[in-house]
There are 2 protein chains.
Amino acid sequence: MDERDIRLLKAISDLETGSPERLHEETDIPVSTIHYRLNNLREAGVIKNDLYDVDLEKVGLGVTVLVEILTDYSGSHHDFKEKILDVEGVTQAYFTMGETDFIVVAHLSGSEKVERLITDFETLEEVERTNSTFVVSTLRDSARVLQNYELETLLDELLEDE
Amino acid sequence: MDERDIRLLKAISDLETGSPERLHEETDIPVSTIHYRLNNLREAGVIKNDLYDVDLEKVGLGVTVLVEILTDYSGSHHDFKEKILDVEGVTQAYFTMGETDFIVVAHLSGSEKVERLITDFETLEEVERTNSTFVVSTLRDSARVLQNYELETLLDELLEDE
DNA sequence: TCTGAAAAAATAGCCGT
DNA sequence: ACGGCTATTTTTTCAGA
């Protein structure tokens, strides 16, 4: 994986497309080279299928951290939500009803990057306290949610209205 | 969304492909009808792009729950991990170093389905206690992890070895 | 709403660099 | 490894049922 590969993967994520033509426009890499590169990345297991699901371990973002965030502000969280999402590496962010206000999942390139992540959160004025949990191993991180259901269940549960 | 749509979406998830040809083999729906259907689903916002990212709200799996699982067994969790993943609706599952052993994210079709989920976990013999947290609103649930990084950061952090 | 057939695009392969 | 080119395969469009 060199710079070109990373630019390509980033373009796929940003544009949300696998179209060689569009990727060429974005990256200036010739269409046939894009092919060549993507085939190699697939071979290496970095990209998984024709939906371009990325293997986070292989791409170098294999460290996962869960962060609970408690705020000291009880009004509208509107602006604060934006600030949370601005923190680099945050892939999931939930506003919850439990003991903490927000729960965040972040994918990082190394465990030493956790410090920066926490600092970014603690720096926000609305944050009262954070509580981080290291992920030792990921049993599943499913990009395709429907895989985790039987067809029968989906038909039962999603078809009730019509 | 009728049965055909659901079968189609399920096939996309299972086969991890958007290829009309492959989807035809799986579902027996004619290739050009698959197109017609997918266009409608895209129009309706159920599918987001040509990578077939699904809108969970629109598809009817908009309820998210986080479950902490504490086990009473301190040996190998190997078989137990399988049991967790067998619970329907579990999309993320992490083995952690924190106060609890496992943290699970599940996407459900309604809040009344939470009961079944918890029961499924509590029924497992290794489970000592569970603690569920309802998600009030999802700020982000990113299928494309690289979107949450600047290109500069990716180049800095992922390129260090070569 | 659906589909077969035509048009367009993506992929594979060749080969000189 | 790269990338221009052509051949092949696959996807997308669309008129008509």
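Nothing here was measured: the structure is a model prediction, and the numbers come from that model. Below, all heavy atoms of this structure are taken into account, side chains as well, without hydrogens, waters or symmetry copies. Chain naming here is simple, since letters A, B, ... match the order of the sequence lines and numbering starts at 1 in each.
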Note to self: Walk along nucleotides 1-7 of chain D from 5' to 3' and tag each nucleotide B, S or - by protein heavy-atom contact under 4.0 Å, base first, then sugar-phosphate.
What the structure shows: SSBBB--
Item checked: Verify same cluster id: B:Leu66, B:Phe134 (apolar side-chain graph, 4.5 Å) -> no
Next item on the list: Measure from CZ on B:Arg22 to P on C:dA10 and round the result to the nearest Å.
Entry: 20 Å
Next item on the list: Using the test side-chain contact (heavy atoms from CB on, under 4.5 Å), find all partners of A:Asp156 that sit at least two apart in sequence or belong to another chain.
Entry: none
Note to self: Is it the case that over 12 heavy atoms from other parts of the model lie below 6.0 angstrom from the CZ atom of B:Arg140?
What the structure shows: yes
Item checked: Length of the line joining A:Glu21:CD and C:dT11:P, which is rounded to integer Å -> 12 Å
Item checked: side-chain hydrogen bond (donor to acceptor under 3.5 Å, both in side chains) against A:Asp14, all qualifying residues, sequence neighbours excluded -> A:Lys10
Next item on the list: Round to the nearest Å and state the distance from A:Arg42 atom CZ to C:dA10 atom P.
Entry: 14 Å
Next item on the list: For D:dT12, take OP1 and OP2 only and decide whether either is under 4.0 Å from a side-chain N or O of B:Asn39.
Entry: no
Check: So what is the end-to-end bend of the helix from C:dT1-D:dA17 to C:dT17-D:dA1, with 5 pairs used at each end and the value given to 10 degrees?
Finding: 30°
Item checked: Separation of C:dG13 P from A:Leu38 CG (nearest whole Å) -> 16 Å
Note to self: Expressed as a whole number of angstroms, how long is the span from B:Leu51:CG to D:dT11:C1'?
What the structure shows: 15 Å
Next item on the list: Quick one: list whatever passes side-chain hydrogen bond (donor to acceptor under 3.5 Å, both in side chains) with A:Glu88, sequence neighbours left out.
Entry: B:Thr153
Close N/O contacts between protein and nucleotides 14-17 of chain C (under 3.5 Å):
none

Next item on the list: Please list all pairs passing the ring pair (Phe, Tyr, Trp, His ring centres under 6.0 Å) test where one or both residues lie in residues 12-46 of chain A, with sequence neighbours left out.
Entry: none
Would you be so kind as to tabulate the donor-acceptor pairs closer than 3.5 Å made by side chains of residues 27-34 of chain A, with sequence neighbours excluded?
residue	atom	partner	partner atom	Å
A:Thr27	OG1	A:Leu23	O	2.7
A:Thr27	OG1	A:Ile29	N	3.3

Note to self: What is the distance, to the nearest angstrom, from the NE2 atom on B:His35 to the C1' atom on D:dT11?
What the structure shows: 5 Å
Checklist line | Between D:dT13 (C1') and B:Ile34 (CD1): distance, integer Å | finding: 16 Å
Check: For A:Glu26, which residues count as a side-chain hydrogen bond (donor to acceptor under 3.5 Å, both in side chains) partner, sequence neighbours excluded?
Finding: none
Next item on the list: Keeping to residues at least two apart or across chains, list the side chain to side chain donor-acceptor pair (under 3.5 Å) pairs with something in residues 113-130 of chain B.
Entry: B:Lys83-B:Glu126, B:Arg116-B:Asp120, B:Glu122-B:Thr130
Could you go through residues 99-109 of chain B and list every donor-acceptor pair under 3.5 Å that involves a side-chain atom there, pairing it with any protein atom two or more places apart or in another chain?
residue	atom	partner	partner atom	Å
B:Asp101	OD2	B:Thr71	N	2.8
B:Asp101	OD2	B:Thr71	OG1	2.9
B:His107	ND1	B:Thr64	OG1	3.3
B:Ser109	OG	A:Glu157	OE1	2.5

Check: Please give, in whole Å, the distance from C:dT1 P to B:Glu3 CD?
Finding: 17 Å
Check: Applying salt bridge (charged side-chain N to carboxylate O under 4.0 Å, His left out), which residue pairs with at least one partner in residues 32-43 of chain A are found, sequence neighbours left out?
Finding: A:Asp2-A:Arg37, A:Asp5-A:Arg37
